[in-house]
Amino acid sequence: MSDDRCEVTVTVNGEERSLAVECRRTLAEVLREDLGLTGTHLGCEHGVCGACTVAVDGAAARSCLMLAVQADGCEIETVESLGTEEKLHPIQQAMWDEHGFQCAFCAPGFLMTVYCLLRENPAPTPEEIREELSGNLCRCTGYASILTGVQAALSRGAAADA
Amino acid sequence: MREGLAGKYVGAKVRRVEDRRLLTGRGRYIDDLNLPDMAHAAFLRSPYPHAHIRRVDIDSARRMAGVFLVLTGADMARLTNPFLGMMALDGLYDPVFYALATDRVRVVGDPVAIVVAESRRVAEDACELIDVEYEPIAAIANMAQAMDPMRPPIWPRARSNVLWEDSQTYGDVEVAFAGADRVIRERFAQHRQSNQPMETRGSVAEIDPVSGELIFHSATQSAHSLKWSLAFLLERTSVWRSIRELATNREKPRKFVVGARAFIKSHPDLRTATKSSQPAMLKQLRREPKRIVHLSEALLGLLAKDPSRRPRVLAQDIGGAFGAKGLVPREDVALATAALQLGRSVKWIEDRNEHLMVGGQAREETLDIDVAVTSDGTILGLKVHMTMDVGAYPGFPFNGAFFAQMVKVMMPGPYRIGALRFDTTITASNKGTYVPYRGPWAAETWVRERMIDVVARELGIGRADIRLANMIGADELPAAMVTGPPLDVRMSARRTLEEALRVADFDSWDAIRDQARSEGRIVGMGLATFIEAAPGPPKFFDYISPGFSALAGVEPAHAVLEVDGSLSVITQQVPHGQGHETTLAQVAADELGVAVEAVRVRYGDSSITPFSLFGTGGSRSAAMAGGVVTVAAQELRQRVVDIASDLMEASTEDIVIEDGHIHVAGTPAIGVSFAEVAAEAVRRRPGSPSDGAIRVTSEWDGGAGGWAQATHVCWVEIDLDTGLVTIPRYVVVEDCGELINPAIVDGQIRGGVAQGIGAVLYERAAYDGDANFQAGTFMDFLIPTAMEIPDVEIHHLQTPSDIFANYRGVGEGGMIAAPAALTNAIEDALAHLGARITEQHLPPARILELAGVIEAEAPTEVGPPDYSAAAAVPAPRPSLIRERMPTLTPAQAQAVRRTATSVRSGARRFADRYAGRP
Ligand code: FES
Ligand code: FES
């Protein structure tokens, strides 16, 4: 069954990629293993923790629950598309300033969730932010620092960059 | 960018050095490591909690395309040394077992075979082709079953599922109880919890293609402990072969012996440590003579092994641990063995289901407590009987029984408790391994703080009043806990309580609650105070296990001026979220007069970091690593200044270092750089500069040490339609001495509180009455989200002190106190409905049961039988060892005695030689 391959064409972080992948493989696996984008993390592989969150056509999606073939023709954005170490994206910058994360294993998922949220809703209320972020688990922080980070990003106009 | 205040980084909310790479997805977590030609491993695991393995057929799996290797328990018994319990507790049965199950499985998820294949997917497919014939055995699912003498032991050598019993008395318990007006009794049960970091366990066993050496990349909390454990467990060698090796090549063991001798010499207490545990170790050998063979094979093998065959352990970014990554995973031993067999690198990343099943579970403890009190609420003494279910396989090298000792010693907390009897019963079950979880001894705080509320209720005294009446105040310090550890003058638990009562406006609470009740709202408020030995008074660990301070109480570090003039701090700590790359750099930068970015903190590589078995854990980093980095950086500064003063022809007292610039006071225009000092140091130093231009190695024993402490106040509101508990406000008033980085301190506290709330209201590593695991996904094991965790209001106190490196730890405190504050609040809220909170897990259905809204269901996890009858008359216990000793024939007995004597005298000779005695 491992010879059962499918052709997939996706745009990842602005670059079009054509791949032949085993049909049963998830989008997360292909991003991490075939494209070397290891910023997308796998915390549960069953759709609960949100560590694997990426943007699929602009909407937050769990790349562990999505087969790579389902992403055919889609535009994917991962944490690597946000900012670089030299020039952080405003959301990353705010998280840095506010000590948003600790082990940061959950960080890529949260960052992509926030990125998609701000794109959809540039002025979310604190309640909306909390609710939107409740799809991502963090075991280290108790969430307060992440929520503060989102507020800081908002107050600096990060929504414009989302 | 200068973030410090007035040239000082310590105390400032410095942004983390590690964050740029972590926030951009450029971290290097274990699963991000991909090596050329790397294979992937998966484990076949037992679906049964308890069964004999009658047959394992791996043929079709091995023949599957893409599969490179399949190993089973039989292979492990041939290729590796077994895990051997090393806990020298008199009478504890500490079993011998292999990385993979051999003849029996003892827990759902027990690894039976490892498959190595071209991909994880193929390895998992191949697991399905392995045919195992199991013959199920009745399982031990709870403490009551473990104590049932009719049920056979899961470790046949143990003779019973009660692995250890102990009783210890401090102070005059009989007098305390005789003088009491009342003895109040309660039983409290903690449920099975689990650490569950967002990143599971995982390792990559890399085989150097040229040398064949093993480089073991791992998400571990302690690189050196993993390295030496693997060196001990891997590559089993027969005694004769080792002896032959040693005889033909005497150079091999020489370096090892020289190193060991140096270590023992610099830690003289080690001799005391081994001496006091020798009788217990010998008893274990006598009880299970096969251990002698395993021990000799492992130890002689280690001695005869070429140092290049000892693995190098490398840890990089780690996605949290909370204690779950401090022990040696059985899977790591199977993985490394597979890689060595194949001569090829292999990766294993645990999945969440595996991590929930066997990645570590904790805290399943029941405590029966009797409190002797006078009618005015003075606590005279305690009798506590703790029963701990350590599951099937003990943690290596830390058996759960070790943490029971910590509960015992910490039981009095900051209270004036003059007498304590503490009984311990350790039971085995067919459940996951007991691992330390963030404040593993926290049962003492939960039970004590819960019980104080019970006593207050029984005597009709206020909850704050009874605490204030019994808690040790500043005017009584220094003092000592009845269990031994001294309480120094900075022990400020009572100050945190007084401040918390003020912040919470405690005096108005009863009126507020009653008003709310009259409006139909169910609200409550709970208090809890704790102290934590972080790092504790000098030699704290000796109170837990005599001599243990010598092993665990010393922190090493290197401070290095590199050849190019840059600065490094090299630590044995293995950070996994605590931000050591920032905090240790802050400490060093202040001492050296440089910017925080100028200090690089290096960690995780056993080949460059100084030796310590402790790694990161126990809330010790700030005090121990912060302390040793201060010492090392001061000495490095001195050496830099010495050279700079020569170069500038000035006296050393006149040299200042500011913003990375070395100059003579008053003439900042003329000076030298660190690079110039480094060049001069290299010129002066004979030999190769591979260790840097100047390298300082320091050790720090914690100095005056001391306690971290806090009082938590939790408010709850309960919805009696749904059973949901919400937390409208949560306050922490804490004193951990000087803060290195307040943002990191607050983050640690908040994270701990969140885990405590999760444990009480949501999470449970549940098993059914036959020990089948019930919580294998995040849909069953519920980790709270941003919707459930409240804002935590933190107030810092600092007891003034001028002691050196006045840092104390906060890593665990949040989780130690939160379950107590929260359950106390819930009882306060439901008290008028007659609810009594004696268990720690309170999910909505249980809340409704306790409030009398729905009928209670029978519990599946049953505690030990009631001790109260026995508690009344202390039962004289015959020697358990003798009772359970296997009966030996006279010839066997003599052989055992002979071996024991020669082992003992051999060990003495070795010890004498190490200590340089004739
Ligand atoms: S890994 Fe996808 S949701 Fe957890
Ligand atoms: S920071 Fe560790 S899981 Fe979120």
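For the numbers below, each heavy atom of this structure counts, side chains included, while hydrogens, waters and symmetry mates do not. First the proteins, then the strands, lettered A, B, ... as listed; each starts at 1.
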Item to complete: List the steps, then state whether side-chain contact (heavy atoms from CB on, under 4.5 Å) holds for B:Met198 with A:Leu137.
Response: CA-CA 8 Å; B:Met198 279 300 113; A:Leu137 297 181; 3.9 Å; yes

For [X], does the [atom1] atom sit with more than 12 other heavy atoms under 6.0 Å from it, leaving out its own atoms?
| X | atom1 | result |
| --- | --- | --- |
| A:Glu33 | CD | yes |
| A:Gln70 | CD | yes |
| B:Arg21 | CZ | yes |

Which portion of [X] sits near chain B, non-hydrogen atoms under 4.5 angstrom:
| X | result |
| --- | --- |
| A:Leu88 | side chain |
| A:Tyr143 | side chain |
| A:Ser145 | neither |
| A:Glu29 | side chain |

[X] versus chain A, the contacting section by heavy-atom distance below 4.5 Å:
| X | result |
| --- | --- |
| B:Gln748 | both |
| B:Phe778 | both |
| B:Asn195 | backbone |
| B:Gln196 | both |
| B:Arg16 | both |
| B:Ile783 | both |

So which atom in [X] and which in [Y] form the shortest heavy-atom distance, rounded to 0.1 Å?
| X | Y | result |
| --- | --- | --- |
| B:Gly747 | A:Gln102 | O-NE2, 2.9 Å |
| B:Val14 | A:His99 | O-NE2, 2.9 Å |
| B:Thr777 | A:His46 | CB-NE2, 3.6 Å |
| B:Tyr29 | A:Phe105 | OH-N, 3.5 Å |
| A:Arg24 | B:Asp125 | NH2-OD2, 2.9 Å |
| A:Glu85 | B:Thr24 | CG-OG1, 3.5 Å |

When you check the gap from the basic side-chain N to the acidic O, do [X] and [Y] get nearer than 4.0 Å?
| X | Y | answer |
| --- | --- | --- |
| B:Arg121 | A:Asp4 | no |
| A:Glu45 | B:Arg352 | no |
| B:Arg26 | A:Glu86 | no |
| A:Arg139 | B:Glu763 | yes |

Starting at [atom1] of [X], measure out to [atom2] of [Y] and round the result to the nearest 0.5 Å.
| X | Y | atom1 | atom2 | value |
| --- | --- | --- | --- | --- |
| A:Leu42 | B:Asp31 | CG | CG | 7.0 Å |
| A:Ile146 | B:Ile789 | CD1 | CD1 | 11.5 Å |
| B:Phe322 | A:Cys103 | CZ | SG | 6.5 Å |

Item to complete: Go through B:Gly320, B:Gly27, B:Gly579, B:Pro784 and name the one with the most non-hydrogen pairs under 4.5 angstrom from chain A.
Response: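 It is B:Pro784.
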
Worksheet item: chain A: which of B:Ile349, B:Asp32, B:Ile749 shares the most heavy-atom pairs with it under 4.5 Å?
Response: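 The residue among B:Ile349, B:Asp32, B:Ile749 with the greatest pair count is B:Asp32.
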
Practice prompt. Before giving the answer on side-chain contact (heavy atoms from CB on, under 4.5 Å), spell out for B:Lys13 and A:Glu98 the whole-Å C-alpha distance, their side-chain angles and the decisive distance to 0.1 Å.
Written response: CA-CA 9 Å; B:Lys13 195 179 149 188; A:Glu98 298 303 328; 3.9 Å; yes

Discussion item. Walk me through whether B:Glu199 and A:His41 qualify under side-chain contact (heavy atoms from CB on, under 4.5 Å).
Written reply: CA-CA 9 Å; B:Glu199 176 199 50; A:His41 293 162; over 6 Å; no

Item to complete: Let me know which of A:Gln93, A:Met95, A:His89 forms a side-chain contact (heavy atoms from CB on, under 4.5 Å) with B:Leu23.
Response: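 The option that passes is A:Met95.
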
Do you know which of [options] has the most heavy-atom pairs under 4.5 Å to chain B?
| options | result |
| --- | --- |
| A:Gly36, A:Ala144, A:Cys140 | A:Cys140 |
| A:Asp97, A:Leu82, A:Leu147 | A:Asp97 |
| A:Gly39, A:Gly142, A:Cys138 | A:Gly142 |

